[in-house]
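Encoded as structure tokens, the structure appears first; notes follow it.
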Protein chains: 2
Amino acid sequence: MVSIKDIAKQAGVSISTVSYALNGSPKVTKETSARILAIAKELNYIPSAAARSLKKQETKIIGIYLTNYSGAFYGQLLQGMMETLSENGYELIVCSGKESHRFLPERMIDGAIILDATYETKELLSHAERGHKLVVMDRRMDHPNISQVLLDNKAGATLAIDYLAEKGHRKICVVKGPDISFDARQRLEAVQKAVQRYSHIEYIEIDGDFNKQSGEEAGKKIHQDFTEPVGVFCLNDEMAIGMYNYFSRTNLRIGEDVHIIGFDNIEVSQYIQPRLATINYSKHKWGALASELLLNLIQKKQSPEHERINVSLIEGDSVRKR
Amino acid sequence: MVSIKDIAKQAGVSISTVSYALNGSPKVTKETSARILAIAKELNYIPSAAARSLKKQETKIIGIYLTNYSGAFYGQLLQGMMETLSENGYELIVCSGKESHRFLPERMIDGAIILDATYETKELLSHAERGHKLVVMDRRMDHPNISQVLLDNKAGATLAIDYLAEKGHRKICVVKGPDISFDARQRLEAVQKAVQRYSHIEYIEIDGDFNKQSGEEAGKKIHQDFTEPVGVFCLNDEMAIGMYNYFSRTNLRIGEDVHIIGFDNIEVSQYIQPRLATINYSKHKWGALASELLLNLIQKKQSPEHERINVSLIEGDSVRKR
DNA sequence: TCTCATGTTGCAAACGTTTCCTTTATTATA
DNA sequence: TATAATAAAGGAAACGTTTGCAACATGAGA
């Protein structure tokens, strides 16, 4: 591999001069600089990321931790992050491997954004304690090195229940998410609080894990116990899609017998028939904001911030007047 | 940051001994090793990735280059890769940023898997020329440092056309993909060859770019020119979904007036009504194989291999007998 | 002519590891 | 008891940068 040492030799200057020239420092005169640049290009020189980050103690890389890529909204989320980061000279890498949690403590990345419920809060805390900067999108954490930007799950869940109630539903069923998910817990909590406001509503809970499969199973359970039209709040769209799949094989009709509302407004939701009612929020903004807070923490050494992403109701023919 | 130097001082040994102990070398006696390990843990020592990779000239990280995450099958693909890689002590990072192509030449990663048509072949070639190892999944390349594993697009496209013909369709329309995509070009080529075998078939081409939007537009065009039932081969499922969306707002029925078959068998395809006929292949296997070939290139210094992923037809009610 | 400021370049340390090669201590063998 | 062989630990160079500081040259001002 050709290093600045080779360039220095070729140009008859010291390696420090080469380094300054390569970094566009005004300390070195135009002519020498040009000569050095030319030689560098000619020798096909490419800097060593390892050497640079060893010396500078930074990598200009941010990591985003995701549980599983299958989640249907990561596209826009990552897009939002990348834009903000690249404007500030940072690169984004998606970390998903078993051992990728090493990246932060080993200083392979300058900071991390967490959207991965399996990442232990204890571990995150110890990173922060070591001085690493974090943004969490999937839990609440209070620490001078951790910012957070969370969805307004409470408002979303309340909107969903109110929507069903407003449409005249008196039997409401919620398909829960996994306990490990902060969003799932918050949504469920808000649901329980919301239904209490409607004394006439019969309220049922069914287990779910945010995957399509569990949506199908929940659909089956609803089918078995079916006596009258029911409003179903699937705590995410993914499960709602699974439930669609189940009912497409039955004699019950969505929007007539079974009324479904989801959460997330993933892309598919607008393509299924009938259009899924759901709770929407800007994934792009969520990602952009998370990145921004992280950069604030890293660059401006600003104190941590706690932001919230607004949600809104999207109506759909999957929920009709009872 | 605490380094092996600190541990050495604390333990009263040299840094080389610490390094050996940390790496479990048999050169250092059990007792000292234990003592060193204990001190390392006590000091919360964590190795520096930069220092190690600078010295060892490897990172044990593989990069996968993707254009856009929105692509609906990346989940399984990445899963397949990660499994193979982590079994061999490698981590996977997803590189998507504007500047992330620097990762390979700057030796931030030990090798790369390419599934990103915007990555210039010329650039890939220059990497390979420098000695970097690559696997391409989206183009043909012949070089001692490049392996390739491609879909059998030709077989897939032929299956699709034959399926439509077999169902009695004599008017067949293909919605093309972007020119930049190797898969799109291969599929189109095979389509053109396949329809020639059916002299009675009226064949039409419509532009497309692999996104839902262009599927909708293609649907509109088909609607405008509609005179008789037509069989449509969308060169990927994504566009087929867009076309579903368009026709859901019209009086034409999919599987009756417009018969659609896609390519990729993305997850949603089984959840839309009617079930989309499509061409299937194992994304998991595709990813696993690509990783395996890359490791062969890197570790075993094996010569490059050229593999092909088989495809199969999935029937669906989106295509019925004419 | 001397001094001083200014501009250009070079020296060398440092970042944190790994690893080859010595040195020293210990034990076995003749 | 002398010597060789083995085991354990340390010294130091190397990986490829960045950067504070020193050195030197040049021209301006007194």
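Quick caveat, the model's predicted, so the values are computed rather than measured. Quick note on labels: first sequence line is chain A, next is B, and so on, each numbered from 1.
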To the nearest angstrom, the NZ-C1' distance between A:Lys5 and D:dC15 comes to 9 Å
A:Arg107 CZ to C:dT17 C1', in whole Å, measures 11 Å
A:Leu115 and A:Asp138 have their tightest heavy-atom pair at C-OD2, 3.7 Å
Among C:dT18, D:dA9, D:dG10, the one nearest any side-chain atom of B:Val13 is D:dG10
From CD of B:Glu31 across to C1' of D:dA8 the rounded distance in Å is 11 Å
**Q.** Under 4.0 angstrom between B:Gln57 side-chain N/O and D:dA14 OP1 or OP2
**A.** no
Looking at B:Tyr281, I'd like to know if the NZ or CZ of B:Lys285 sits under 6.0 Å from its six-membered ring centre while staying within 45 degrees of the ring's axis.
no
Taking C:dT9, C:dA12, D:dA9 as options, the one with an atom nearest any side-chain atom of B:Val28 is D:dA9
query = Contact class for A:Ile46 (heavy atom, under 4.0 Å): base, sugar-phosphate, or nothing?
reply = sugar-phosphate
Taking for A:Lys55 and for B:Arg35 the nucleotide of DNA chain D with the nearest heavy atom, the one nearer the 5' end belongs to B:Arg35
Under 3.5 Å, is there any donor-acceptor pair linking the side chain of A:Tyr20 to the base of D:dG20?
yes
Heavy-atom nearest nucleotide on DNA chain D taken for B:Leu54 and for B:Thr17; more 5' hit belongs to B:Thr17
Which of C:dG10, D:dT18, D:dT17 is nearest the side chain of A:Ser14? It is C:dG10
Using OP1 and OP2 only, check whether a side-chain N or O of B:Arg52 sits under 4.0 Å from C:dT18. yes
For this session: Would you indicate, yes or no, if D:dG16 has its OP1 or OP2 atom less than 4.0 angstrom from a side-chain nitrogen or oxygen of A:Ser3?
Result: no
Whole-Å distance, B:Ile15 CD1 to C:dC20 P, equals 15 Å
note: B:Leu22, atom CG; C:dT17, atom C1'; distance rounded to Å ~ 10 Å
CG of A:Leu134 to NE2 of A:His127, rounded to nearest 0.5 Å, is 7.5 Å
By the 4.0 Å heavy-atom rule, please label B:Ser19 as base, sugar-phosphate, or nothing.
base
Check whether any side-chain heavy atom of B:Ile114 lies under 4.5 Å from a side-chain heavy atom of B:Leu124, and answer yes or no. yes
What verdict does the side-chain hydrogen bond (donor to acceptor under 3.5 Å, both in side chains) test give for B:Asn23 and B:Ser25, after you've listed the backbone C-alpha separation in whole Å, the side-chain angles of each residue and the deciding distance to 0.1 Å?
CA-CA 6 Å; B:Asn23 289 306; B:Ser25 160; over 6 Å; no
key: OP1 or OP2 of C:dC15 under 4.0 Å from side-chain N/O of A:Ser53   = no
Of C:dT18, C:dG16, D:dA8, the nucleotide closest to the side chain of B:Met1 is C:dG16
When B:Lys27 and B:Ala50 are each assigned the nearest nucleotide of DNA chain C, the 5'-most assignment goes to B:Ala50
- Ignoring hydrogens and angles, are the base of C:dC11 and the side chain of A:Ser16 linked by a donor-acceptor pair under 3.5 Å? yes
note: B:Glu58, atom CD; C:dT17, atom P; distance rounded to Å ~ 16 Å
Taken to the nearest whole Å, CD1/B:Ile7 to P/D:dG10 is 14 Å
In this structure, CZ of B:Arg102 is separated from CD1 of B:Ile109 (nearest 0.5 Å) by 11.5 Å
